[in-house]
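Side chains included, hydrogens not; waters and symmetry mates left out as well; all remaining heavy atoms used. Chain A is the first sequence line, chain B the second, and so forth, proteins listed ahead of strands; every chain is numbered from 1. It should be emphasised that the depicted structure is a prediction, and the values quoted were computed from it without experimental measurement.
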Amino acid sequence: MTADASPAHYDFHSVERRWQEEWAKNSVFTVPDVPPADRPKYYVLEMFPYPSGQLHMGHVRNYALGDVVARYKRARGFSVLHPMGWDAFGLPAENAARERGVHPKEWTLANIAAMRETLKRLGFSLNWDREIATCLPDYYGKQQKIFLDFLAAGLVDRRESWVNWDPVDHTVLANEQVVDGRGWRSGALIEKKKLSQWFLKITQFAPDLLDGLKTLERWPERVRVMQERWIGRSEGARLRFPLAHPPEGLDAELNSVEVFTTRPDTLFGMSFLAIAPDHPLAAKVAETNADAAEFIAECRRLGTSVEAVETAEKRGFDTGLKVAHPFLPDAAFPVWIANFVLMDYGTGALFGCPSGDQRDLDFARKYNLPVTPVVLPAGETADTYRIMDKAWTGDGTMINSGFLDGLSCADARKEAIARLEGLGVGSGVVNWRLRDWGVSRQRYWGCPIPIIHCKSCGAVPVPDEQLPVELPDDVTFDRPGNPLDHHPTWKHVACPKCGKPATRETDTFDTFVDSSWYFARFTAPHTATPTNKAAADGWLAVDQYIGGIEHAILHLLYARFFTKAMKQTGYLDVSEPFAGLFTQGMVNHESYKDQNGNWLYPEEVERSGTSATHRETGTPVTIGRVEKMSKSKRNTVAPSAIIDRFGADTARWFVLSDSPPERDMEWTEAGVAGAGRFVQRLFRIVTQVAASCPVDAAPAAEMPEAVDTLRRTTHRTIVAVTEALEAFAVNVAVARLHELTSALADGERAADQPGMAFARREAARTLCLLSAPMMPHLAEELFAIIAPGAGMVVAQAWPEADPALLTVTRVKLAVQIMGKLRGTIEAEPDEDAATVIARAEAEPNVARLLEGQKIVKRIHVPNRIVNFVVAR
RNA sequence: GCGAACUUGGCGGAAUGGUAGACGCACGAGACUUAAAAUCUCGAGUCCGUAAGGGCGUGCGGGUUCGAGUCCCGCAGUUCGCACCA
């Protein structure tokens, strides 16, 4: 499809390029680092992309939506910061290096260039001077500085931690890279291995991160709920169970087992103590007990696969050890190693109360451990109450519980904690599910952790003047493991403290670190320090953040943590990075398969009605599900190809048109084509108006009906589109613009009436201004034609509706009998009730149906409805 | 298992408790054309009826109300998130 030369055809290629150049030439989207004081600021940010090589439709939707907000707010008089950058570190670059021999840096920078090109063709109102790429030393060097400041502030820790180790690739894998217990790439059986790792102490901020959620009113409720659960605050008690007969040579630390419980009220129902397979005491037992060692090894193998966790039955190993009970001096309870106890939560040990916890009950039944009911539900009697196969987790009255008998569960919890504290063996505590954030990755393509390991001085921070610690370019990927480790010289340096030979840390940061502060860097991307305080304080928080729901937990939580930690270290002054969050839906597409079951690209398929055939071979094609665009299903549509065929405005208009932005949308050929037709139609109509209605056309004092109707539609549309955009209902705004377009086209029929030329120009001009956030190029082009000399659309204020044209002159009311519609009548606005009701009663169809009925009630809702209630 | 969201024509969807289906896509009829494309006009929830009009309609069952897509209770289905959290 090529643009033809006829004047009625809109040549989007040249027009779009021209306006993009015009905007760039005039730097219209440039804002200073410190927001100007004369206008309110507005910071719009979309989640920056990973430079995979090609922009996809999800990006187009995300950025089109952000651009609507940015351009709208600009028109409303805000000074808008709208930057773009690249989340440029990460594994795919290393994979490309290993598979195709391209250097990760080259690969990444080439991808960025390609994607930047496509983004620019889409005409987004981005401040390109602020572009950043996380893989450049200018960015990651500042990140190293922040890390060292966090370290000095006590927000960083180095400790041993379990990782998924791939023994073939010599690398650590993320949980999602372990499939069925094997490495996703090598297929090797994954081992659990302990490595020294750097941790960011996000748990220090757990209460702040939880409380902060309450202030995030413009976040989706479900995201807040997900984060709340992830942080996982719970109240309970910690207490120690001393070992009755500690084995010889046991560390004092292991003489007792510490347990966390939310149910200290049920302590008298205890029948065993269970520890995690990774618990230090389990390891101690395994030293001398081969069976225990075998059991632990088995648990670890199972632990790696997700399905195994789902279906694994509760299994345990009796260590033979016994513990004493703080409230029952005469009793002793067995210590089991159990596969359902998590080392990561609480203390890695629990006391089992089978009557009050389903897991404990299942475990007790399996191993014939005693079950003592301690909570009596209302309506049961102690003598006859038995626990069968369901534990009672609800409220009730304490029984079989010594000094707690007769208390409610809540009172018993308080009393139990008081007693534990009195005995000095435990206390009430708040426990958090949130764990510290391990940020070490054994990879090349990431931000180097700025630490030097010295045999005498330990882990020494790289001095500020030696920052950034740059990645060496001369690396090879011809053998497994981390290239930084194999590099002949890079890691060998002098210790900054003592000057003796030492080695650099060869781990790099988790890439989530890179994206945890980029929004702050955008406020002053060229400053020598990580942030410029005045810029950061001036622009932050981000007023509207837009991205996919897949980042609901990790990215958003880490960014919130970084903001609080950066506040503590003096980099900025806000507590929350994103005041408003919008999560947009995915872009889906039909998928296609040929007769042999191979996926086909949309452009290989010829659709006709409900069936499809292969474009070249003519063989039948199976139309599959509508699902997320993905390379593996080949159901992708490349934005650049769409821009080639239809132009940027059409692509943008379509992704904004039909579906509400928070929901998934389906990309269809017919849909884009329809959007393309609308672009052409608008162009035709507005150019026709410009040609036939004089520029100096004046409004008429007395407007004929058609003129009045068009002007009122114009002004009502201003209100409707404004409301829709404020509510993020872009699809509704699009619908209202369709309506105004049709009304404008209708105006031609009454072209000769007094004031119509003015009304049509007004409608056309308004249409340009209102559609500019969605179709900025077309809006500029048409505005230049319809409003010569008025300057660019990007320099115009958002239109204001004339209140005089928003009033209604006549209203149509529905007339109901018993709530059923029976007719409609017209009335003056706010006409008195008696007159309106009388007119309603006289409406022929209503009168007919009311014949012989007794009206018991007449309901009149002014300007809306009249409803007659009749006796039955 | 726990939690959340959603369910409206052939399709995407609209609708401060007040005329359900705006707007778009697909579809049908007509105009223009030698023809097609493009464009323009008109039509359309469904059933009965020539029509006027009427019955039924927002997943299912109940409730509140003069009036429910909208509020409340229960159920089903779909989707998403978390998942042995002591």
note = Scoring nucleotides 54-72 of chain B by protein non-hydrogen atoms under 4.0 Å (B base, S sugar-phosphate only, - none) yields SSS---------BS-----
Annotated protein contacts, base or backbone, on nucleotides 1-11 of chain B with a non-hydrogen cut-off under 4.0 Å, one of B, S, - each = -BSS-------
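Aromatic pair A:Phe646/A:Phe654: centroids not less than 6.0 angstrom apart.
For residues 219-239 of chain A, the salt bridge (Lys or Arg N to Asp or Glu O under 4.0 Å) pairs, not counting sequence neighbours, are A:Glu221-A:Arg224, A:Arg233-A:Glu235, A:Arg238-A:Glu258. For residues 266-278 of chain A, the side-chain hydrogen bond (donor to acceptor under 3.5 Å, both in side chains) pairs, not counting sequence neighbours, are A:Asp278-A:Arg300. Within the structure, salt bridge (Lys or Arg N to Asp or Glu O under 4.0 Å) pairs that include any residue of residues 337-358 of chain A comprise A:Asp357-A:Arg359 (at least two apart or interchain).
Contacts of A:His738 classified as ring pair (Phe, Tyr, Trp, His ring centres under 6.0 Å), with partners at least two apart in sequence or in another chain: A:Trp653, A:Phe678. The side-chain contact (heavy atoms from CB on, under 4.5 Å) test applied to A:Ala282 returns A:Ile275, A:His279, A:Ile296, A:Ile337, not counting sequence neighbours. With sequence neighbours left out, the side-chain hydrogen bond (donor to acceptor under 3.5 Å, both in side chains) criterion links A:Glu550 to no other residue. Under the rule for a side-chain hydrogen bond (donor to acceptor under 3.5 Å, both in side chains), A:Asp395 has no partner lying at least two apart in sequence or in another chain.
For B:G9, the O4'-C1' to base torsion is within 90° of 0; the nucleotide is therefore syn.
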Side-chain polar contacts of residues 663-674 of chain A - donor-acceptor pairs under 3.5 angstrom, sequence neighbours left out - could you list them?
from	atom 1	to	atom 2	distance (Å)
A:Asp664	OD1	A:Met586	N	2.8
A:Thr668	OG1	A:Gly671	N	3.0

Report all side-chain donor-acceptor pairs from residues 810-818 of chain A shorter than 3.5 Å, counting only partners two or more places apart or in another chain.
none

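Picking from B:G13, B:A86, B:G24 the nucleotide with the shortest atom distance to the side chain of A:Pro660 gives B:G13. In the set B:A83, B:U16, B:C84, the nucleotide with an atom closest to the side chain of A:Arg864 is B:U16.
In this model, no side-chain donor or acceptor of A:Arg677 finds a partner on the base of B:A38 within 3.5 Å.
For the pair A:Arg681 and B:C40, the criterion of a side-chain N or O lying under 4.0 Å from OP1 or OP2 is met.
Residue contacts shown for A:Val341 include a base, since a base heavy atom lies under 4.0 Å away. Using a 4.0 Å heavy-atom criterion, one finds that A:Thr824 contacts the bases of the nucleic acid, with or without backbone contacts as well. Within 4.0 Å of A:Asn431, counting heavy atoms only, lies no atom of the nucleic acid at all. Counting any heavy atom pair closer than 4.0 Å across all strands shown, A:Arg435 reaches no nucleic acid atom.
Looking at RNA chain B, the stems built from 3 or more consecutive Watson-Crick or G-U wobble pairs, each pair with its key distances under 3.5 Å, are B:1-7 with B:76-82, B:10-12 with B:23-25, B:27-31 with B:39-43, B:45-48 with B:53-56, B:59-63 with B:71-75.
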